[in-house]
Structures are given as structure tokens and as C-alpha cells.
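Working notes, beginning with the structure itself.
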Amino acid sequence: MVTIEPITVGDHTFVGVEVKLPKTTLLSINTSRGYIMCGALDVGLLNQKLSDRQIIAARAVGVRTLPELLAAPLESVTHEAEKLGIVPGMTGAEALLFMA
């Protein structure tokens, strides 16, 4: 099952996506510039093999819901996200505001 819902952080509304798969759930919250995602995101791949795409993204691990994704500290971020001031350790909500 796929669920899409609005996620509000401050004065901004983003798109939350939850994909229920066997034994796991994929989570992402998307802005027009980038996204945060659960542990399934391969930041190394984005930074190395897909660097020409300049993807702004960040990963939080151990999250099971969209609210947890917002509150969790980021474990890793892409180089393009770092250019915006997004760093590991900040919350998903904080990162989204940099992407707004």
C-alpha cells in the first residue's frame, strides 16, 4: 500500500510518502528541491555514481513512521545537501526547512 499525505513544517507543506512492503516500510518527505528518507536511501550511491545529478537528500535510520522521520537525527546527507547547510545530526524537520 502507498500512502501520500501533506506534511507541514513551520509555514511549509511537503509531500510525505509511505510505501508498505513485505517486512519493511519505505518513508520519504519531499520538497521541490530535495528529500529526506529512511535508511533505504543509499547516500553513497548518490554522492558517487549519481553525483552529476546534484541530488539534495538526507537519510535517517531506525524510523518507522513519517513523524519519526521528521524528528530523527540525520545519519548521512549528500554533498549537495551539505552545500545548503544540512548536516548529519540535525533533525529531518530542520533539513526540510533548508530545502524549502
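Remember, it's a predicted structure, so these values are computed and weren't measured experimentally.
In the hydrophobic clustering of this structure, Ile36 groups with Ile7; members are Ile, Leu, Val, Met, Phe, Trp, Tyr whose side-chain heavy atoms approach within less than 4.5 Å, directly or through other members. In the hydrophobic clustering of ILVMFWY residues, with side-chain heavy atoms under 4.5 Å counting as a link, Val19 and Ile4 come out together. Residues Tyr35 and Val15 fall into different hydrophobic clusters, defined by Ile, Leu, Val, Met, Phe, Trp and Tyr side chains chained together at heavy-atom separations under 4.5 Å. Met37 and Leu70 fall into different hydrophobic clusters, where Ile, Leu, Val, Met, Phe, Trp and Tyr residues are linked whenever their side-chain heavy atoms come under 4.5 Å apart, directly or through other members. Hydrophobic clustering (side-chain heavy atoms under 4.5 Å, transitive across Ile, Leu, Val, Met, Phe, Trp, Tyr) keeps Leu46 apart from Leu69.
Summarising the geometry of Thr13 relative to Pro6, their closest heavy-atom pair is CG2-CB, 3.8 Å, with the distance given to 0.1 Å. A pairwise comparison of heavy atoms in Leu41 and Ala57 identifies CD2-CB, 4.0 Å as the closest pair. Between Ala72 and Val63, the shortest heavy-atom distance links the atoms CB-CG1, 3.5 Å. When all heavy atoms of Leu66 and Ser28 are compared, the pair lying nearest together is CD2-O, 3.7 Å. Here the closest heavy-atom approach between residue Pro88 and residue Val77 is recorded as CD-CG2, 4.0 Å. Residues Phe98 and Leu84 share a closest heavy-atom pair of CD2-O, 2.9 Å.
Side chain of Glu94 to main chain of Met90: no donor-acceptor pair is present (N/O by atom type, distance under 3.5 Å, no hydrogens or angles).
In this structure, the side chains of Leu27 and Val17 stay at 4.5 Å or more apart for every pair of heavy atoms.
The side-chain contact (heavy atoms from CB on, under 4.5 Å) test with Thr78 singles out one residue from Asn47, Ile86, Leu45, and that residue is Asn47.
Rounded to the nearest 0.5 Å, atoms OG1 (Thr31) and CZ (Phe14) are 6.5 Å apart. Within the model, atoms CZ of Arg59 and CD of Glu75 stand 4.5 Å from one another, a figure rounded to the nearest 0.5 Å. Within the model, atoms NE2 of His79 and CD1 of Ile56 stand 13.5 Å from one another, a figure rounded to the nearest 0.5 Å.
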Given Thr25 and Cys38, is the side-chain contact (heavy atoms from CB on, under 4.5 Å) satisfied, shown in steps?
CA-CA 9 Å; Thr25 302; Cys38 64; over 6 Å; no
Intermediate values then yes/no, side-chain contact (heavy atoms from CB on, under 4.5 Å), Ile55 and Glu80
CA-CA 6 Å; Ile55 296 170; Glu80 293 301 315; 5.9 Å; no
Could you check His12 against Leu96 for side-chain contact (heavy atoms from CB on, under 4.5 Å), going step by step and ending with a plain yes or no?
CA-CA 9 Å; His12 304 279; Leu96 289 169; over 6 Å; no
